[in-house]
J.: 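Quick one: this structure, given as structure tokens, is what I'll be asking you about.
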Amino acid sequence: MALAPEKGRQETAAPTSPAPAIELRGISKAFGPVQANKDISITVQKGTVHGIIGENGAGKSTLMSILYGFYKADAGEIIISGKRTVIPDSQAAIKAGIGMVFQHFKLVDNFTVLENVVLGAEDGWRLTPSLRKARKLLTELAEEYELNVDPDALIEDLSVGHRQRVEILKALYRKADILILDEPTGVLTPDEADHLFRILEGLRASGKTIILITHKLREIMDITDTVSVMRRGEMTATVKTSETSPEQLAELMVGRKVLLHVDKAPAQPGEEILSVENLVVVDEDKVTRVKGISFNIRAGEILGIAGVSGNGQSELLEVLGGYAKATGSIRLHGKELDLTGSKSDGQSRRANGIAHVPEDRHEEGLILDFEAWENMAFGYHNDAKYNKNKFLMDNKAILEDTQGKMDRFDVRPPNPHLHAANFSGGNQQKIVLAREIERNPDLLLIGQPTRGVDIGAIEFIHQQIVALRDQGKAILLVSVELEEVLSLADRIVVMFDGKIMGERLAGETNERELGMMMAGMTPDKSDGAGA
Ligand code: ADP
Ligand code: MG
């Protein structure tokens, strides 16, 4: 454990050893009953990339929002470059040399890159800079840090990766020395993420300090110098990245040992369960989302669909689940399914042995105002075992069944009468999974199984999916987390722009190859070495 050295108290930076870029001391913040930050102290050295890792809800964004002047801490102090600094708002943060790149970009869509960068910076001490001057500075910054974007492009025409660069340029234009990035890679392709990391390395080399918030262990290991771990509002450790491991970090995040890789035997694929041919999906706005795709899934295998979000995967799931219409053909056990997308189709799919864990469990998987036990019967209320007779549901049977499912899937708290809204994301997901998996379906459709789910629950969910596969079921896994697809799927199909870019066996491909396909490129098969 390499804690940052304690410097002698100094109110100004000594010329020999620079003061830390940032010191937070005893920061606490509560939102009503939720203690989001508890007595947090952290020292970030100048010219380093300092990672902050923690599960959903650990308090990372809250801490950074305090540093950026969005929230006022209940207690504690902020010291920037050795000086105690009060940061009541983001203007003060910018003045103190802090820039922030948010999870959801704050750019004006119908303005150009240049206009967005300059916007809001005119006021304050910098008097109305001429756009020409700004353009020159932008070009310099772009060259220095690989931050190339066309200054005259409209934001709405830029890819997500480019928009993020504009956010970074905006911060640099405001002379930020300290850059905070909150989960910056969530929306990027692996290539874009690599590019971002090169930018960050350039910034570090030029003496900037970077705070990188993420829940992805790999990013921490790849790019940070130091990492601080948060758990339930507390800072549990700060370690040098070179002296830790993903396993140790996971344990510090969760508070117990976690199995990080999926333990599974090679697949034993059997007969074909699902066959999709030339499927075309046109949405309500007449936009073609799925452009004639074909694939199949056999019993005892997990087919993973990789791709950046928005490339037709969601529409594919909806059609398979019976919630949207399509043309082409889908056969289950060789029998054609109805693709007209009439309302009752979700039900008939279930009756046919297709279970569905939808991507958006708030919208489609659960009714949040209903209790857990009512949600367990959701979609299956016509089942014989839930009904006393034609007219009456057997509430006692449903309750007992729910209790058993909650125990087996370790839903916390195991209270069938709690409203779905009152469970955490991971536990809501377990409720949907328990309901769908224990149906013993022939085909399980599962979208973003671990989105918003903690590492501990991810481990469990992955085990359940593999167990179902090993019972000879077919599984279609759609996930935007490439790592998840790679570790869970037996076979992988990459979707880009509504089409299938390629198919690989999981054991015979890698992130780089899949990443290229995710970006719409067809990788040269002979090129295994990597750039
Ligand atoms: P992280 O960024 O690590 O996922 P957050 O800092 O966003 O975590 O959240 C920490 C805790 O504080 C969570 O329980 C969250 O629900 C709560 N929280 C965050 N912001 C607010 C807010 N504005 N109002 C109420 N509760 C909040
Ligand atoms: Mg956050």
Side-chain angles (χ1 to χ4, degrees), residues 22 24 26-42 44 50-76 78 87-90 93 98-106 160 164 167 179-188 193 196 210-220 224 226-238 249-255 258 309 361-362 368 412-413 418-429 448 450-458 480-481:
I22 294 170
L24 300 179
I27 299 280
S28 290
K29 173 76 185 171
F31 295 105
V34 178
Q35 192 69 47
N37 286 168
K38 282 178 225 170
D39 192 19
I40 289 185
S41 296
I42 176 177
V44 177
H50 194 121
I52 297 184
I53 196 164
E55 301 203 285
N56 276 302
K60 307 178 296 289
S61 294
T62 300
L63 187 66
M64 290 303 115
S65 299
I66 289 169
L67 181 56
Y68 198 64
F70 265 7
Y71 294 138
K72 188 178 176 301
D74 301 334
I78 299 172
I87 304 184
D89 52 32
S90 54
I98 301 173
M100 185 144 172
V101 176
F102 291 89
Q103 253 168 320
H104 305 285
F105 307 144
K106 298 185 185 301
V160 175
Q164 191 174 58
E167 285 277 5
L179 202 60
I180 305 167
L181 296 106
D182 194 349
E183 308 262 6
T185 62
V187 289
L188 302 182
L196 172 67
I210 291 155
I211 301 181
L212 175 73
I213 301 178
T214 180
H215 63 273
K216 296 182 185 169
L217 291 163
R218 196 174 55 85
E219 294 178 355
I220 289 287
T224 66
T226 311
V227 50
S228 296
V229 186
M230 290 189 72
R231 181 167 81 236
R232 293 185 192 178
E234 289 179 82
M235 194 64 89
T236 50
T238 293
L249 290 176
E251 193 174 340
L252 287 166
M253 278 165 73
V254 182
V258 180
S309 144
R361 44 193 171 270
H362 284 174
L368 293 176
R412 289 182 220 180
L418 206 61
H419 285 102
N422 294 329
F423 291 91
S424 71
N427 284 294
Q428 289 175 347
Q429 179 75 323
Q448 318 302 344
T450 53
R451 178 183 282 166
V453 171
D454 298 342
I455 295 192
I458 289 177
V480 292
E481 298 285 349

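Start at 1 and go down the list; that is how both ligands and their atoms are numbered. No experiment lies behind these values; they were computed from the predicted model shown.
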J.: Which of the numbered atoms in ligand 1 are under 4.0 angstrom from any heavy atom belonging to T62?
T.: 5 (P), 6 (O), 9 (O), 10 (C), 19 (C)
J.: Between E55 and H215, is any side-chain donor less than 3.5 angstrom from a side-chain acceptor?
T.: no
J.: Which of the atoms of ligand 1 are close to A58, meaning less than 4.0 Å from one of its heavy atoms?
T.: 1 (P), 3 (O), 8 (O)
J.: Less than 4.5 Å apart, side chain to side chain, heavy atoms only: is that true for N37 and D74?
T.: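 Sidechains of D74 and N37: no contact.
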J.: Looking just at side-chain N and O atoms, do T185 and E219 make a donor-acceptor pair shorter than 3.5 Å?
T.: yes
J.: Applying side-chain contact (heavy atoms from CB on, under 4.5 Å) between M235 and each of V229, I27, L24, L63, report the one that passes.
T.: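 Testing M235 for a side-chain contact (heavy atoms from CB on, under 4.5 Å) against V229, I27, L24, L63 leaves exactly one candidate, L63.
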J.: Is atom 15 (C) of ligand 1 close to the protein, meaning a heavy atom under 4.0 Å from it?
T.: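 Protein heavy atoms within 4.0 Å of atom 15 (C) of ligand 1 - there are none.
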J.: Is the closest side-chain donor-acceptor distance between H50 and T224 under 3.5 Å?
T.: no
J.: Which protein heavy atom lies closest to atom 19 (C) of ligand 1, and at what distance to 0.1 Å?
T.: F31 CE1, 3.5 Å
J.: Do me a favour and list the nearest non-hydrogen protein atom to atom 7 (O) of ligand 1 with residue, atom name and distance?
T.: S61 CB, 3.8 Å
J.: How does Y71 reach ligand 1, by side chain, by backbone, by both or by neither, if only non-hydrogen atoms under 4.0 Å count?
T.: side chain
J.: Any heavy atom of E55 sitting closer than 4.0 Å to ligand 1?
T.: yes
J.: May I ask you to identify the nearest protein heavy atom to atom 8 (O) of ligand 1, giving residue, atom name and distance to one decimal place in Å?
T.: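 That would be G59 N, 3.1 Å.
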J.: Write out the residue and atom name of the closest protein heavy atom to atom 12 (O) of ligand 1, then the distance separating them to 0.1 Å.
T.: A36 CB, 3.4 Å
J.: Do L181 and I211 touch side chain to side chain, with heavy atoms closer than 4.5 Å?
T.: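 A side-chain contact under 4.5 Å is absent here.
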J.: Work out whether the distance between some heavy atom of G54 and some atom of ligand 1 is less than 4.0 Å.
T.: no
J.: Just checking: S61, one of its N/O/S atoms, less than 2.8 Å away from the Mg ion (ligand 2), yes or no?
T.: yes
J.: Just so I know, are the side chains of M253 and L217 near enough to count as touching, which here means a heavy-atom distance under 4.5 Å?
T.: yes
J.: We want to know whether D39 and S28 form a side-chain donor-acceptor pair, criterion being a heavy-atom distance below 3.5 angstrom.
T.: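 The answer is no; no qualifying pair exists.
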J.: To which protein heavy atom is atom 4 (O) of ligand 1 closest, and what is the distance rounded to 0.1 Å?
T.: G57 N, 2.7 Å
